[in-house]
Amino acid sequence: MITDSCDVAIVGAGPYGLATAAHLKSARVPTRAFGDTMAFWRKNMPSGMKLRSPWRASHIIDPDRAHSLDIFADTHGIERTENLSLVDFVRYGEWFQKRAVPDLDSRMVVSVTAGPRGFRLTLNDGCVVEATRIVMAMGLTNQAYSPPEFAGLPSELVSHSSAMVTPGDFRDRHVAVIGRGQSAVESAVLLNEAGAQVDLICRGNVRWLGEEAARPRHGDLLWHLREALQAPSGIGPFPYNWAADIPDVLYRLPPELRKRVAALCLRAAASGWLQPRAKGVRINAGRTISAAKEKGGCIALQLDNGTAEYDHVVLSTGYQIDITRLGVLAPELLSRVKQRTGCPVLSTQFESSVPGLHFVGCSAVGSFGPLPRFVAGCGLAARRVTEAAAAGARRPFRRHVTRPAIESKS
């Protein structure tokens, strides 16, 4: 039974879904947004975590800037530290939703298929909504990457860091954390502080970003110069950080060069403020893992220098974008989406090769570089989708243009 219809339906209620909904509503485009507010941040990140993004790059953007992180902090008495806590960021997202997207529908979308009006969404209660345009804003849902050596092992022994919500569950246990990026190091620190014995196993040494111990004294010109060269989003090292902040330029680069810039900006590293807290973690660097197997209720890892046994292994091995794993797009739709290594090929308005089907957030990394991987990119995506939707509401829908002219603003 068709129960509703709209011009635009948004699937997901994280920063990108909320920002896009706020922009569309401001433009008076009939919009429905579906999802559980900030669900991935609440359910797939460990308590005690802090955002790697700096404060200035952690705003969820609405058209009038009436719901900024600064305003939330002022009204709730939150100190403006450089790295916001996960708890406060989730509270901020919920506050933003109640004010900018008060009619958010908390029902979940279970499938998206083609329909007479463009698309048909089936919700978890069986209701069906038709929409002319769809915005996929599901973030990192179902995108966690696990090395093949750990395939088939039970979750009691192996889990991805996105499933480690409560570090205290591992108190008094011997845990191995695999990886050397922000997620790996922070997971290891939180586990250690929760009372676990932790080994951080990684292929190379941990790269510390702006470690506190190495910060020059107040007034040091070199330190201030380094800070001045930081791009607004804080993504990646100089000068690639500035490239990341100009996604329209990256959009025009050949795919392999764009991929290279993204890899340099997203390479494994940990924030320097974690370094003093990591002293209780044993870092076993320079190791490779060739096999993992269950052994007497524990898990045995075959390393290049011998075997080590643990009570549990946490895989902080990151994410690999693959829209086929989002789980809601019908095979018929997916077959029509032009892809490159799992990412949809998008226009400058974040529209895929299926007219009216947009992807924002992490799925857009393949077309725009690393910025859509972070909260800092939500304003750009929201503006571009709104431009497309508003234009479509004024005239008959035009088919997807593979490479339209770059817009002057970002």
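Between Tyr92 and Phe96, the ring planes are perpendicular. Angles over 60° get that label, and only those under 30° would be called parallel. Using a 30° and 60° split on the angle between ring planes, His67 and Trp95 fall in the perpendicular class, above 60°.
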Listing, residues 284-296 side-chain donor-acceptor contacts under 3.5 Å, not counting sequence neighbours, or none:
from   : atom 1 : to     : atom 2 : distance (Å)
Arg287 : NE     : Asp304 : OD1    : 2.7
Arg287 : NH1    : Ala285 : O      : 3.4
Arg287 : NH2    : Asp304 : OD2    : 3.4
Ser290 : OG     : Gln302 : O      : 3.3
Lys295 : NZ     : Glu309 : OE2    : 2.9

All N/O donor-acceptor pairs, side-chain side in residues 38-49, below 3.5 Å, sequence neighbours left out:
from  : atom 1 : to     : atom 2 : distance (Å)
Arg42 : NE     : Thr37  : O      : 3.2
Arg42 : NH2    : Asp36  : OD1    : 2.6
Arg42 : NH2    : Asp36  : OD2    : 2.9
Arg42 : NH2    : Thr37  : O      : 3.1
Lys43 : NZ     : Asp36  : OD2    : 3.2
Asn44 : ND2    : Ser162 : O      : 3.3
Ser47 : OG     : Val165 : O      : 3.4

Report the C-alpha distance between Val11 and Met138 in whole Å, list the side-chain angles of each, state the deciding distance to 0.1 Å, and finish with yes or no for side chain to side chain contact (heavy atoms under 4.5 Å, CB included).
-> CA-CA 6 Å; Val11 184; Met138 295 181 66; 4.0 Å; yes
Would you please test Phe150 and Val313 for side chain to side chain contact (heavy atoms under 4.5 Å, CB included) and show each step?
-> CA-CA 10 Å; Phe150 296 91; Val313 171; 4.0 Å; yes
Ile201/Leu301 under side chain to side chain contact (heavy atoms under 4.5 Å, CB included): CA gap, chis, key distance, verdict = CA-CA 10 Å; Ile201 301 175; Leu301 301 182; 3.9 Å; yes
Side chain to side chain contact (heavy atoms under 4.5 Å, CB included) assessment of Leu200 paired with Val206 | CA-CA 10 Å; Leu200 182 68; Val206 176; 4.0 Å; yes
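With sequence neighbours excluded, no residue forms a ring-ring contact (aromatic ring centres under 6.0 Å, His included) with Phe359. Partners of Phe374 according to the ring-ring contact (aromatic ring centres under 6.0 Å, His included) rule, which considers only residues two or more places apart in sequence or in another chain, do not exist here. In terms of the salt bridge (Lys or Arg N to Asp or Glu O under 4.0 Å) criterion, residue partners of Asp125 (sequence neighbours excluded) are, by chain and number, Arg107. Looking at residues two or more places apart in sequence or on another chain, you find a side-chain contact (heavy atoms from CB on, under 4.5 Å) between Cys362 and Leu140, Ile321, Arg373. Here Lys25 pairs with Asp103 under the side chain to side chain donor-acceptor pair (under 3.5 Å) rule; sequence neighbours left out.
Here the side chains of Ile71 and Ser68 are in contact, with some heavy-atom distance below 4.5 Å. Counting only heavy atoms from C-beta outward, the side chains of Ile235 and Leu371 approach each other to under 4.5 Å. Considering only heavy atoms from C-beta on, Val112 comes within 4.5 Å of Leu333 through its side chain. Using a 4.5 Å heavy-atom threshold, the side chains of Phe34 and Leu123 count as touching. Looking at Trp242 and Ser233, their side chains never come closer than 4.5 Å, going by heavy atoms from C-beta outward. Side-chain contact between Ile10 and Leu24: present, with at least one pair of heavy atoms (C-beta onward) separated by less than 4.5 Å. The closest side-chain heavy-atom distance from Val337 to Leu357 is below 4.5 Å. No side-chain heavy atom of Asp7 sits under 4.5 Å from any side-chain heavy atom of Thr31.
The salt bridge (Lys or Arg N to Asp or Glu O under 4.0 Å) analysis of residues 67-77, with sequence neighbours excluded, yields the pairs Asp70-Arg80, Asp74-Arg80. Listed by first and then second residue, the salt bridge (Lys or Arg N to Asp or Glu O under 4.0 Å) pairs that reach into residues 276-285 are Glu193-Arg277, Asp199-Arg282, sequence neighbours excluded. For residues 320-334, every residue pair satisfying the side chain to side chain donor-acceptor pair (under 3.5 Å) rule, not counting sequence neighbours, is listed here: Asp322-Thr324, Glu332-Arg336. Residue pairs meeting the ring pair (Phe, Tyr, Trp, His ring centres under 6.0 Å) criterion with at least one member in residues 152-183, sequence neighbours excluded, are His160-Tyr319, Phe170-His312, His174-Tyr310. Within the structure, salt bridge (Lys or Arg N to Asp or Glu O under 4.0 Å) contacts touching residues 144-170 (residues at least two apart or in different chains) do not occur.
The two residues Leu157 and Cys298 have their closest heavy-atom pair at CD1-O, 3.6 Å. Taking each heavy atom of Trp55 and Leu84 in turn, the nearest pair found is CZ3-CD1, 3.6 Å. Scanning all heavy atoms of the two residues, the minimum distance from Pro247 to Phe368 falls at CB-O, 3.6 Å. Nearest heavy atom pair, residue Ala27 against residue Thr386, reads CB-CG2, 3.6 Å. Of all the heavy atoms in Gly379 and His23, the pair that sits closest is O-NE2, 4.5 Å. Nearest heavy atoms, Ser58 versus Phe89: O-CE1, 3.5 Å.
For the atom pair OG of Ser367 and CZ of Arg258, the computed distance is 5.5 Å after rounding to the nearest 0.5 Å. Remark: Asp105 CG to Cys127 SG distance equals 9.0 Å, nearest 0.5 Å. Here the CD1 atom belonging to Ile60 is positioned 6.5 Å from the SG atom belonging to Cys378, to the nearest 0.5 angstrom.
Without hydrogens or angle criteria, His358 side chain to Arg133 main chain gives no donor-acceptor distance under 3.5 Å. Between the Tyr16 side chain and the Pro372 main chain, a donor and an acceptor come within less than 3.5 Å of each other. In this structure, the side chain of Arg117 does not engage the main chain of Ala131 through any donor-acceptor pair within 3.5 Å. In this structure, the side chain of Arg340 does not engage the main chain of Gly366 through any donor-acceptor pair within 3.5 Å. No donor-acceptor distance shorter than 3.5 angstrom exists from the side chain of Thr20 to the backbone of Leu18, with no hydrogens or angles considered. In this structure, Ser353 contributes its side chain and Lys338 its backbone to a donor-acceptor pair below 3.5 Å. Gln275 places no side-chain N or O within 3.5 Å of a backbone atom of Trp273 that could act as its donor or acceptor partner. Side-chain atoms of Arg252 do not come within 3.5 Å of backbone N or O of Asp248 as any donor-acceptor pair. Checked by atom type and distance alone, the side chain of His59 pairs as donor or acceptor with a backbone atom of Leu69 at under 3.5 Å. Under a 3.5 Å cut-off, the side chain of Asn83 and the backbone N or O of Leu51 do form a donor-acceptor pair.
Residue Val198 forms a side-chain contact (heavy atoms from CB on, under 4.5 Å) with just one option from Val314, Leu191, Ile283, Leu190, and that option is Leu191.
Between Arg91 and His76, the side chains place no donor N or O within less than 3.5 Å of an acceptor N or O (distance only, hydrogens not considered). In this structure, a donor-acceptor pair under 3.5 Å is present between the side chains of Ser161 and Ser183.
Within a 6.0 Å sphere centred on CZ of Arg99, heavy atoms belonging to other residues, nucleotides or ligands number more than 12.
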